[in-house]
Protein chains: 2
Amino acid sequence: MLPTPSSEDDLLLTKQSVVDYKKNQKARAILGHLYQQGSRTLAQLAETLHTSIPSITGLVEELLEQGWVNAVGTASGNNGRRPVLFSLNAGEHYVLILDSTTHDTRLMIVNPRREVIFQRVVDTHLENSAQFLTFLATFVTESLAESGLSHDQIMAVGLTLPGLIDTRRGVNLTYPNLNLTDQPFTDWLEQQVGWPVFLINDTKATALGENRFGGGQGKNHVLSINIDWGLGLGIIINGEVFQGASGFAGELGHIQVDPNGELCHCGKVGCLDTITSASSLVRHMQRAVEAGQQTRLAAFRHDLNQINITHIIEAAHEGDSFAIDLLHETGYQLGKGLSIAVNLFNPEVIIIDGVLAQGSMFITNPIRQAINKHCLSGFRRDLIVEVTKLDGAAKWLGTHAYVMEKVLASY
Amino acid sequence: MLPTPSSEDDLLLTKQSVVDYKKNQKARAILGHLYQQGSRTLAQLAETLHTSIPSITGLVEELLEQGWVNAVGTASGNNGRRPVLFSLNAGEHYVLILDSTTHDTRLMIVNPRREVIFQRVVDTHLENSAQFLTFLATFVTESLAESGLSHDQIMAVGLTLPGLIDTRRGVNLTYPNLNLTDQPFTDWLEQQVGWPVFLINDTKATALGENRFGGGQGKNHVLSINIDWGLGLGIIINGEVFQGASGFAGELGHIQVDPNGELCHCGKVGCLDTITSASSLVRHMQRAVEAGQQTRLAAFRHDLNQINITHIIEAAHEGDSFAIDLLHETGYQLGKGLSIAVNLFNPEVIIIDGVLAQGSMFITNPIRQAINKHCLSGFRRDLIVEVTKLDGAAKWLGTHAYVMEKVLASY
DNA sequence: CGCTCTTTTTAAAATTTTTTACAAACTTAA
DNA sequence: TTAAGTTTGTAAAAAATTTTAAAAAGAGCG
């Protein structure tokens with residue numbers, strides 16, 4: 001278990017000896033590498049950490065004793081003696097992930113090898129009220145009981161929410177009423193569940209997941225577009241989630257693209273969100289069907305509310321030309337907005353995530369087209385636009401990585 | 001002098017001993033701190049580097065012998081024994097700075113304490129031709145002779161240029177013909193002058209200067225706007241210049257704000273550049289004067305080309321209401337463009353630099369106004385908009401910092 | 001002015017870390 | 001199958017670093 005520092009320890013921490021400080025640093029670096037790489041040999045760790053093999057051996061032995069690390073067989077394919085592989089212990093240090101969207105809340109318990117141990121999904125309506133927070137707390141305690149795990153086996157909670165999240169203060173500006181008291185709601189939740197809670201915005205989690213385990217792997221500068229009820233831009237800079245000063249970085253959805261456009265739910269007019277989000281796509285289709293447009297979805301003429309984004313994408317895949325046009329138009333507008341982000345961030349990869357990712361080339365082609373038109377050639381030359389291959393897992397993988405990296409940093 | 005590694009040394013470097021590696025790392029960290037802070041005591045260095053005082057003492061002694069560092073008196077105001085202060089040696093390790101704008105080229109020789117030892121300015125026209133590069137080389141050799149300094153006293157060159165600079169390849173995409181051969185022109189220049197050349201975009205240099213020594217000091221997330229012949233955005237993220245994948249990050253000037261706007265020199269239509277650059281401001285004023293507008297600058301009616309940006313700013317300061325309106329309008333459009341960058345980068349500070357900085361509150365007020373209108377409240381709460389206090393020095397200070405940090409990193 | 005208190009600096013002891021040397025485990029080629 | 005070549009793992013020697021202790025240098029106060 002983590003050595004949770006008491007207040008006395010904290011005092012000691014400031015006057016911590018140089019040797020202990022370095023040991024801690026190296027131990028956490030080892031754990032970080034093992035998390036990232038799956039398994040490593042002593043020689044590999046020694047090289048990446050610029051430390052001698054005997055020192056690494058000593059550190060890993062300590063981590064073995066503490067239960068953080070396991071020896072997992074030997075590596076093969078080598079010329080000489082086969083090295084022992086070390087890996088994070090899969091039986092401890094679980095992370096509990098809570099992911100609330102507008103329509104449901106998912107709870108997962110994940111081990112350090114990113115294997116899902118336990119999972120529950122409930123339909124919920126994420127609302128701007130304190131009740132939602134008490135629901136989260138009871139959902140956690142009930143699920144823990146159901147899972148049969150002990151409180152000690154879980155070490156931290158990762159909470160994924162949409163909206164504007166102030167990472168410094170632990171508040172969600174989009175849902176300010178989540179706060180029961182005047183203290184940040186993450187503090188309250190921490191007290192209720194008894195674990196540290198790490199809060200991250202859904203889009204940023206997705207971007208991190210893609211960067212660590214998906215298409216953007218190994219790249220330093222990645223943009224990840226998450227198209228859901230709104231439009232979210234996740235930014236990876238120097239291999240880290242870019243949060244900005246208060247955690248709001250990446251609000252592409254609320255830049256104005258049309259001064260005479262529709263009123264956005266944020267209160268401003270003509271936001272990119274009003275044009276390129278999944279909900280706007282559905283709205284357009286509904287209006288068109290209502291107006292008598294020729295399309296496979298005309299069947300919903302008398303039940304417009306039944307139309308959802310999946311219907312549109314399916315229709316496009318089946319060759320419905322109006323659906324294709326609609327996706328094309330949305331993709332192009334999205335690409336136009338994205339080209340602003342490309343001009344400012346000069347990324348290596350753009351990854352398309354969220355429900356629209358199902359639209360694959362109906363979406364990526366017009367995006368590429370718009371970027372070609374609106375960006376200078378230098379930006380385009382090395383730029384890759386691709387659809388996620390993680391099939392929806394990017395968000396929780398990213399949340400897990402976020403929590404693990406935070407925990408290891410404080411180890 | 002720097003130990004320029006021969007090819008054999010390079011081989012050794014890969015198999016460098018752990019001890020040497022760490023020594024190098026710490027030595028460079030010490031030099032970096034001294035560059036940043038001016039002067040430090042052994043105890044301060046030991047604390048920031050997490051190293052014992054005897055070790056630091058040894059390292060600093062080595063740096064003293066190598067001529068990198070000097071003892072400069074003792075610190076006062078302390079309770080106990082007064083510590084010796086160490087500082088970078090001002091008499092060696094000069095950096096030669098070359099700064100070419102569209103109308104002139106400035107050469108400065110700067111010591112590690114950021115004191116200008118020698119300076120020359122010549123009128124030049126930065127053109128997209130190989131001749132310009134040969135001019136730079138001769139300008140450097142002539143100035144060196146004139147300065148009376150030996151070749152050894154200078155350790156590196158910092159070259160500041162406008163345009164799209166590919167930092168990875170050492171090419172300037174805006175001026176592709178600068179390349180004499182098919183190799184990057186920085187390579188050629190390095191061979192000619194005999195020092196390593198570090199190339200940086202003018203706006204990025206300005207941003208770095210502001211972050212290290214100006215208004216953005218100590219802040220992690222800074223935007224710096226440089227309004228000159230075009231509009232440049234310099235971005236500081238986590239205290240580092242943000243270059244993006246290929247060094248193009250921050251091209252705010254060429255995002256489209258008006259699909260029906262003027263043709264931009266970049267070939268696209270309605271770029272922000274066409275609305276908010278100093279040249280567009282002058283163009284507007286010229287048209288207005290020609291059309292008979294009431295303004296102090298009406299005196300230039302028969303000589304429109306005489307009108308420059310300084311005239312407009314002066315007129316505004318003298319109360320000319322049309323000039324004030326014009327600056328206001330430009331500031332507002334600029335603020336509208338900036339609010340996109342604010343939504344994406346969520347900065348702590350925005351610093352206004354370049355010729356328009358003289359316009360001070362005629363510019364900053366409408367910028368704030370536009371940001372208030374176009375950004376969500378969370379972004380605005382902690383955001384500071386201010387005019388540079390470095391009075392034009394930000395660019396060369398930033399270039400110097402860039403070179404020093406690169407050199408120290410490779411030390 | 002001398003005393004105590006504080007902080008820096010130096011020196012010696014203790015500890016940690018690296019280096020070196022060698023044994024162990026395994027592959028490949030003769 | 002054996003010998004040569006590689007790489008890993010471990011123990012002892014060597015080196016480097018930190019810790020501890022004590023001296024040096026100065027501030028403040030009675």
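These numbers were taken from a predicted model, which means no experiment stands behind them. All chains are named by letter (A, B, ...) in the order of the sequence lines, taking the proteins before the strands, and each is independently numbered beginning at 1.
Here the side chain of B:Val84 is nearest to one of C:dT19, C:dT9, D:dA27, namely C:dT9. Of all nucleotides listed (D:dT10, C:dT19, C:dT6), D:dT10 comes nearest to the side chain of A:Ile53. Comparing atom distances between the B:Thr51 side chain and each of D:dT18, D:dT8, D:dT6 picks out D:dT18 as nearest.
B:Thr48 is linked by a side chain to side chain contact (heavy atoms under 4.5 Å, CB included) to B:His33, counting only residues two or more places apart in sequence or in another chain.
Whole-Å rounding puts the B:His50 NE2 to C:dT16 P distance at 19 Å. Protein atom CG of B:Leu85 is 11 Å distant from nucleotide atom P of C:dT8, rounded to whole Å. In this structure, A:Gln25 atom CD and C:dT17 atom P are separated by 14 Å, rounded to whole Å. The interatomic distance linking B:Leu49 (CG) with D:dT17 (C1') rounds to 14 Å, in whole Å. Distance CD (B:Glu61) to C1' (C:dA11): 13 Å, rounded to an integer number of Å. Atom NZ of B:Lys23 is separated from atom P of D:dA15 by 13 Å (rounded to the nearest Å). At whole-Å resolution of the value, CG in B:Leu45 and C1' in D:dT18 are 17 Å apart. Distance B:Tyr21 OH to C:dT19 P: 14 Å, rounded to the nearest Å.
Residue order along DNA chain D, read from the 5' end via each residue's closest nucleotide, puts A:Gly80 first among A:Thr57 and A:Gly80. Each of B:Ala43 and B:Val19 was matched to the nucleotide of DNA chain C holding its nearest heavy atom; the match closer to the 5' end belongs to B:Ala43.
Between B:Ser55 and D:dT18 there is a side-chain polar atom (N or O) within less than 4.0 angstrom of OP1 or OP2. Residue B:Lys22 places at least one side-chain N or O closer than 4.0 Å to OP1 or OP2 of C:dT18. For A:Arg82 and C:dT27, the shortest distance from a side-chain N or O to OP1 or OP2 is below 4.0 Å.
Checking side-chain atoms of A:Arg212 against main-chain N and O of A:Gly239 turns up a donor-acceptor pair under 3.5 Å.
The heavy-atom pair separating B:Ala156 from B:Val407 by the smallest distance is CB-CG2, 4.0 Å.
With ring centers used as reference points, B:His221 lies 6.0 Å or more from B:Phe242.
Salt bridge annotation for B:Arg169-B:Asp187: absent, with no cationic side-chain nitrogen under 4.0 angstrom from a carboxylate oxygen.
Residue-to-nucleotide contacts include no donor-acceptor pair under 3.5 Å from the side chain of B:Arg81 to the base of C:dT7.
Using a 4.0 Å heavy-atom cutoff across all strands shown, A:Thr41 reaches no nucleic acid atom at all.
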